[in-house]
2 protein chains.
Amino acid sequence: MALRHAVLTALLEGEASGYQLSKRFDVSVAGFWSATPQQLYRELERLEEEGLLRARLIEQRRRPNKRAFTITAAGRRQLHEFTAQPTRPAALRDDLLVKVQAVDVGDRDAVREALATRLEHAQGKLALYDRLHENMLEGRTEDDYLRDAERIGPYLTLMGGRLYEQLQIDWCEAVLDVLAARVRSDAAPRNQERGAGRTRRP
Amino acid sequence: MALRHAVLTALLEGEASGYQLSKRFDVSVAGFWSATPQQLYRELERLEEEGLLRARLIEQRRRPNKRAFTITAAGRRQLHEFTAQPTRPAALRDDLLVKVQAVDVGDRDAVREALATRLEHAQGKLALYDRLHENMLEGRTEDDYLRDAERIGPYLTLMGGRLYEQLQIDWCEAVLDVLAARVRSDAAPRNQERGAGRTRRP
DNA sequence: TCCCTATATGCAAGGAGTTGAATAGGTGCA
DNA sequence: TGCACCTATTCAACTCCTTGCATATAGGGA
């Protein structure tokens with residue numbers, strides 16, 4: 001797992017400071033990588049030392065000065081080599097699914113609340129990705145964009161991130177329905193044959 | 001991020017040795033957590049020392065002896081407490097999406113091959129999850145199962161894992177189509193208005 | 001004045017995960 | 001017989017990640 005490649009890739013979008021890069025990781029990279037600011041700053045230093053990035057100091061008024069990083073030709077070459085190396089499986093670790101797996105012995109109300117929170121969060125991310133989508137297209141059709149754009153990588157990963165958030169929404173809603181139906185059937189055992197009929201399927 | 005909770009949860013399915021637990025992590029837990037055998041053995045020892053698991057030695061013929069672990073009441077209590085704690089965001093890190101984000105400067109053929117490999121793998125996982133699904137239902141309808149089963153957590157997470165693999169398939173297919181169309185339009189610039197029409201959307 | 005937020009960055013300690021390597025008992029096949 | 005594979009487990013070194021804390025400049029509000 002190489003944070004360095006995610007950083008190099010994020011810098012393909014253009015020059016950025018450590019702080020700006022951190023913001024990019026909250027947005028365009030969030031769908032497939034995550035890193036703390038501490039990690040990013042350290043990686044930027046390393047990559048600069050290795051000549052894969054170039055730094056320049058920008059003096060600012062009203063804001064602290066900043067150092068902005070640009071990917072070098074050597075950095076691009078390393079990205080090219082990276083794309084030809086064997087690909088690792090995705091690493092996914094999600095507490096929420098552990099909780100759902102354990103829901104039968106856990107605090108069901110708390111799990112439902114966690115699902116509702118995740119649902120809300122996913123809806124926010126989906127809305128953000130839709131805005132990014134529109135910004136990328138700038139009024140063009142997807143077909144036009146994919147045919148004409150110089151770079152399509154960010155568009156393709158945005159679509160992947162979008163699908164992932166939509167999946168989260170669908171699954172959370174379905175699981176909430178199931179758990180609600182179980183609450184009802186637990187509370188009123190005689191009505192077991194009602195309540196399940198309107199449950200969205202996970 | 002707590003591997004310990006994933007282990008405790010996996011042991012809700014019943015007693016297991018380290019090796020069997022590792023197999024469970026390849027199957028029923030794979031959709032939302034991953035861990036190496038080394039990690040698992042170490043965690044089992046720790047959890048046993050803390051009284052959250054109980055171990056017994058099983059002597060076998062023709063196979064090495066094994067130690068089998070069972071979750072204790074204290075372990076169940078800890079799971080219950082865990083379900084009531086704040087939930088962390090999912091941690092996802094996926095080299096393939098880094099590669100796709102960098103595809104414009106990378107080795108496009110290698111990226112396509114990586115996508116095809118991931119697609120194949122996702123299809124295999126989906127087939128596995130479908131078999132697990134059928135085994136769980138044992139001929140019952142989903143509604144019957146969700147209403148009557150004592151434990152539904154594993155079913156709900158299996159459905160989440162299934163959705164995730166389906167998403168991977170859809171996205172890989174779409175991206176492969178887009179990249180193939182770009183290859184064609186790169187090789188024959190005059191045919192740009194053909195080729196894009198049959199592209200699956202990411 | 002203090003707190004909060006934003007931009008901008010850094011240090012340190014500890015834990016979790018990855019990688020490489022290894023051991024043992026057993027079966028099946030060329 | 002040696003190799004490959006399966007079951008079953010362990011040690012060690014290193015890297016990456018998480019958490020806690022901190023600094024500086026600036027603006028706004030109670």
Side-chain angles (χ1 to χ4, degrees), chain A residues 1-8 15-27 29-30 32-50 53 55-69 85-95 98, chain B residues 1-8 15-27 29-30 32-50 53 55-69 85-95 98:
Chain A
M1 286 304 170
L3 172 60
R4 66 168 38 210
H5 299 128
V7 167
L8 288 172
E15 185 184 67
S17 65
Y19 188 82
Q20 285 164 334
L21 184 68
S22 188
K23 295 296 174 191
R24 272 185 210 169
F25 266 70
D26 289 340
V27 180
V29 182
F32 57 94
W33 211 275
S34 62
T36 62
Q38 290 92 319
Q39 281 180 278
L40 293 175
Y41 284 105
R42 199 172 330 136
E43 201 64 52
L44 286 169
E45 290 304 324
R46 279 197 211 110
L47 291 170
E48 191 208 5
E49 279 166 18
E50 294 178 35
L53 301 182
R56 69 179 176 107
L57 180 69
I58 299 184
E59 302 196 319
Q60 303 191 109
R61 302 184 40 180
R62 296 191 169 186
R63 284 178 180 164
N65 297 342
K66 67 186 176 186
R67 290 214 306 152
F69 296 86
Q85 285 158 9
T87 310
R88 299 158 186 274
L92 172 63
R93 294 183 173 95
D94 193 345
D95 269 3
V98 179
Chain B
M1 286 303 170
L3 171 60
R4 68 169 36 213
H5 299 126
V7 167
L8 289 171
E15 183 183 69
S17 65
Y19 187 82
Q20 285 165 333
L21 185 67
S22 187
K23 294 297 173 191
R24 274 186 208 167
F25 266 70
D26 289 340
V27 182
V29 181
F32 57 94
W33 209 274
S34 62
T36 62
Q38 290 92 315
Q39 282 179 276
L40 294 175
Y41 284 105
R42 200 173 328 140
E43 202 61 53
L44 287 169
E45 290 303 327
R46 279 197 210 112
L47 291 170
E48 191 208 6
E49 278 166 19
E50 294 178 33
L53 301 182
R56 68 179 177 112
L57 179 69
I58 299 182
E59 301 195 319
Q60 303 190 109
R61 301 184 41 178
R62 296 188 168 188
R63 283 181 181 157
N65 297 342
K66 68 185 175 186
R67 289 215 306 152
F69 297 85
Q85 285 159 8
T87 310
R88 300 157 185 275
L92 171 63
R93 293 181 172 95
D94 192 348
D95 268 3
V98 179

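These numbers come from a predicted model, not from an experiment. Order of the sequence lines sets the chain letters (A, B, ...), proteins ahead of strands, with each chain counted from 1.
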* Please determine if a side-chain N or O atom of R63(A) lies less than 4.0 Å away from the OP1 or OP2 oxygen of dG27(D). => no
* Asked: Does a side-chain N-to-carboxylate-O contact under 4.0 Å join E49(B) and R46(B)?
  -> no
* Protein-nucleotide distance (E59(A), atom CD; dA24(D), atom P), rounded to Å -> 19 Å
* Nearest of dA12(C), dT9(C), dT7(D) to any side-chain atom of R42(A)? -> dA12(C)
* Supply the atom-to-atom distance L92(A) CG to F32(B) CZ, rounded to the nearest 0.5 angstrom. => 9.5 Å
* Using a cut-off of less than 4.0 Å, is there contact between a side-chain N or O of R4(B) and OP1 or OP2 of dA16(C)? -> no
* Asked: Between R67(A) and E15(A), is the closest basic N to carboxylate O distance under 4.0 Å?
  -> no
* Once you round it to whole Å, what is the distance between P of dT7(C) and CG of L21(A)? -> 15 Å
* Asked: Q38(A) side chain N/O closer than 4.0 Å to the phosphate oxygens (OP1, OP2) of dG10(C)?
  -> no
* Rounded to the nearest angstrom, tell me the gap between atom CZ in R46(A) and atom P in dG10(C). => 13 Å
* Structure fact -> d(F69(B) CZ, L44(B) CG) to nearest 0.5 Å is 4.5 Å
* To do: Round to the nearest Å and state the distance from N65(B) atom CG to dC6(D) atom P.
  => 21 Å
* To do: Grab the CZ-C1' distance between F25(B) and dG17(C) for me, whole Å please.
  => 13 Å
* Would you tell me if any nitrogen or oxygen in the side chain of Y19(A) comes within less than 4.0 Å of OP1 or OP2 on dT9(C)? => no
* To do: Take the protein atom CD of Q39(A) and the nucleotide atom P of dG20(D), then report the distance between them rounded to whole Å.
  => 15 Å
* Provide, to the nearest angstrom, the distance between the CD1 atom belonging to I58(B) and the P atom belonging to dG25(C). => 19 Å
* Structure fact -> Between A6(A) and W33(A) the two heavy atoms that sit nearest each other are CB-CG, 3.8 Å
* Is S17(B) touching bases, backbone alone, or none of the nucleic acid, heavy atoms closer than 4.0 Å? -> sugar-phosphate
* To do: First locate atom CD of E45(A), then atom CD of E48(A), and finally report the distance between them rounded to the nearest 0.5 Å.
  => 5.5 Å
* Asked: Can you tell which of dA26(D), dT19(C), dT7(D) lies closest to the side chain of R62(A)?
  -> dA26(D)
* Structure fact -> Of T36(A) and K23(B), the one whose closest nucleotide on DNA chain D sits nearer the 5' end is K23(B)
* Structure fact -> When rounded to whole Å, the CD to P distance for the pair E43(A) and dT9(C) reads 16 Å
* **Per P64(B) side chain, nearest of listed nucleotides dA24(C), dT18(C), dA8(C)** => dA24(C)
* Asked: Taking OP1 and OP2 of dA16(C), is either one under 4.0 Å from a side-chain nitrogen or oxygen of R88(B)?
  -> no
* To do: Using a cut-off of strictly less than 4.0 Å, decide whether Q60(A) has a side-chain nitrogen or oxygen near OP1 or OP2 of dT25(D).
  => no
* Would you mind telling me which of dG10(C), dT9(D), dC17(D) lies closest to the side-chain atoms of E45(A)? => dG10(C)
* **Y41(A) side-chain N/O to dT9(C) phosphate OP1/OP2 under 4.0 Å** => yes
